[in-house]
Peer 1: 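Quick one: the structure is below, and I'll ask about it shortly.
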Amino acid sequence: MTGVPQPGEMTLRATSSGDTARIPLRMTRYEVVPYSDEFQDTVIDISRFLSPDSLERRRAYFQWKFLDNPYVDPMIYLAKSGDRVVGMRAFSGTKWEVDGSEYMIPCATNLVVLPEHRQRGIVRQIMEVAHTDLARRGFPIAINLSARPITHIASLSMGWRGAGPLEDVRRGTISDPRPRPGIGRVQRRVQRLWRRAIGYAKRRVTGSRPPFKRFDQAVVRSPRHGIAVDRYPWADSMAGLVKRLPYDGRLRHVRDPQYLEWRYRNPLSDYRFVYRQQHGVLEGYLVIGTKAREHAPEVEAYIVDWEASSAEVRAALLEAVLDWDAFEALAVWQRCFDASVRALLARHGFETTETDISITSPRRTVLMRPLGRADRQDAWTLGGRSLLEIGNWDVRMIYSDGF
Amino acid sequence: MDRERVIRFLEHELHVNVHGGLRADTSLIESGALDSLGILRLALWIENEVGRSLDPSTIQLPTDWNTIDSILAFIARTRNHDRSAATR
């Protein structure tokens, strides 16, 4: 896609001054190529920089996320230095609807740069090729629902913009799982070890275990009338409920049986499905997700999706989960819900986590970038709705690959 | 704040190095002179200069911080805004 790797200068134009002499000296030129099957083992190998999971689990994740994706073949862009793959940016296929029209949208995910190739302009080079290629393939926009601070700010520098806060609210407390990139390596290591020690001590003292162990025991111990819990999605019934409920036309992922079946097979997460039925018809569901880590049992859980045919059913689902009292912390993005649901969450002790917003701790948002010309009047709209207005989005945690 | 101070930070802390030296209008972001980590460190430095946390969603990075002059203007604008908010 681009020329042969050529360490040294790039002939980039200094855009504001038009002075072509003022170019960065330490930038390295990489060849950026699209994924093909020959790179599969390499991609799985370098994903170790993203996750401490075993090779087997990383392979399962790759298979699920990219090869089994119901929408598109893998959209992964690889930076090569000579014959070696030294960085990648992946996009997974997603299908969104707005006011009855459907759109395939690439969702940015897994970004890896090998340590010895960092600070050489590699991310910008990969992204420029990716933007051009995705535009050529006809996608209207790209989005990102799981950017960490450094990716967040790097994306903004490359013309991505945020739609506004998704309003992360939480009940209970956990240690901040996000890395603090502004601090040094030794300090990060000390922080990590400290968190592990605290987690270990907590588990020793409280006897707490991975969340679904407690949850499953509580469900058996205290069953709730009309509420069923399962480890698997009732995909047809869930999709049927979503279809039956009124739809206000906001941007949301298509939740059909195909999507639900696939999405909840994520091998790096565990889910529990809490269902409320009446007369054999599904009237509501609440899905709890948590990371299925091999080495560090999580104590935090997330309401990754939640639908109900009435306020009573919605409240009954939440109250059942809270009564089982299995999680040290439970979080949800509440911006997609109306005021009555937000009030329900507040009544049950959910509080905002967005009290200290900064560069290293940005608000959770929908990051996006038009893939055509960003200066066109309609570039930041889809189906006639402004993409930059968070009120036009209905975003559940399950749409993000972080859950 | 003067230009020299910003230039010193960019050259000594972020090791930005361009042909002919940094000028007020040298493109930092669009040209790729600053990579992701460099932009993050610049952001932390600007937070320190304005004396408060910044919400990244309120910043138009490609224009607000693309040159030394635009960085200076951003810092001045933010300080003025904070001063007038404090006196209201």
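Proteins get letters first, then strands, A, B, ... in listed order; numbering begins at 1 in each.
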Peer 1: Any sub-3.5 Å donor-acceptor pair from B:E47's side-chain atoms to A:I359's backbone N or O?
Peer 2: yes

Peer 1: Name the option with the most non-hydrogen atom pairs under 4.5 Å to chain A; the candidates are B:I39, B:L54, B:D64.
Peer 2: B:L54

Peer 1: Please report the C-alpha distance between B:S53 and A:D356 in whole Å, then the side-chain angles of each, then the deciding distance to 0.1 Å, and finally whether the side chain to side chain contact (heavy atoms under 4.5 Å, CB included) criterion is met.
Peer 2: CA-CA 8 Å; B:S53 300; A:D356 187 20; 4.1 Å; yes

Peer 1: Any chance you could measure B:S36, atom OG, to A:M158, atom CE, to the nearest 0.5 Å?
Peer 2: 5.5 Å

Peer 1: Working to the nearest 0.5 Å, report the span between OG1 of B:T58 and CD1 of A:I357.
Peer 2: 11.0 Å

Peer 1: With side chain to side chain contact (heavy atoms under 4.5 Å, CB included) as the criterion, how do B:I59 and A:L156 come out once you've worked through the C-alpha distance, each side chain's angles and the decisive distance to 0.1 Å?
Peer 2: CA-CA 8 Å; B:I59 305 164; A:L156 294 177; 5.9 Å; no

Peer 1: Side chain, backbone, both or neither: which part of A:S157 has a non-hydrogen atom closer than 4.5 Å to chain B?
Peer 2: both

Peer 1: Between CZ of B:R41 and CD1 of A:I153, what distance do you get to the nearest 0.5 Å?
Peer 2: 13.0 Å

Peer 1: Step by step, work out the side chain to side chain contact (heavy atoms under 4.5 Å, CB included) result for A:R118 and B:L37.
Peer 2: CA-CA 8 Å; A:R118 290 174 189 166; B:L37 191 59; over 6 Å; no

Peer 1: Count the heavy-atom pairs under 4.5 Å between each of B:S57, B:S70, B:P56 and chain A, then report the option with the highest count.
Peer 2: B:P56

Peer 1: So, A:R124 side chain and B:I29 main chain: donor-acceptor pair closer than 3.5 Å or not?
Peer 2: yes

Peer 1: So that I can tick it off, tell me whether A:R120 and B:D35 are bridged by a salt bridge, with the cut-off set at under 4.0 angstrom between side-chain N and carboxylate O.
Peer 2: no

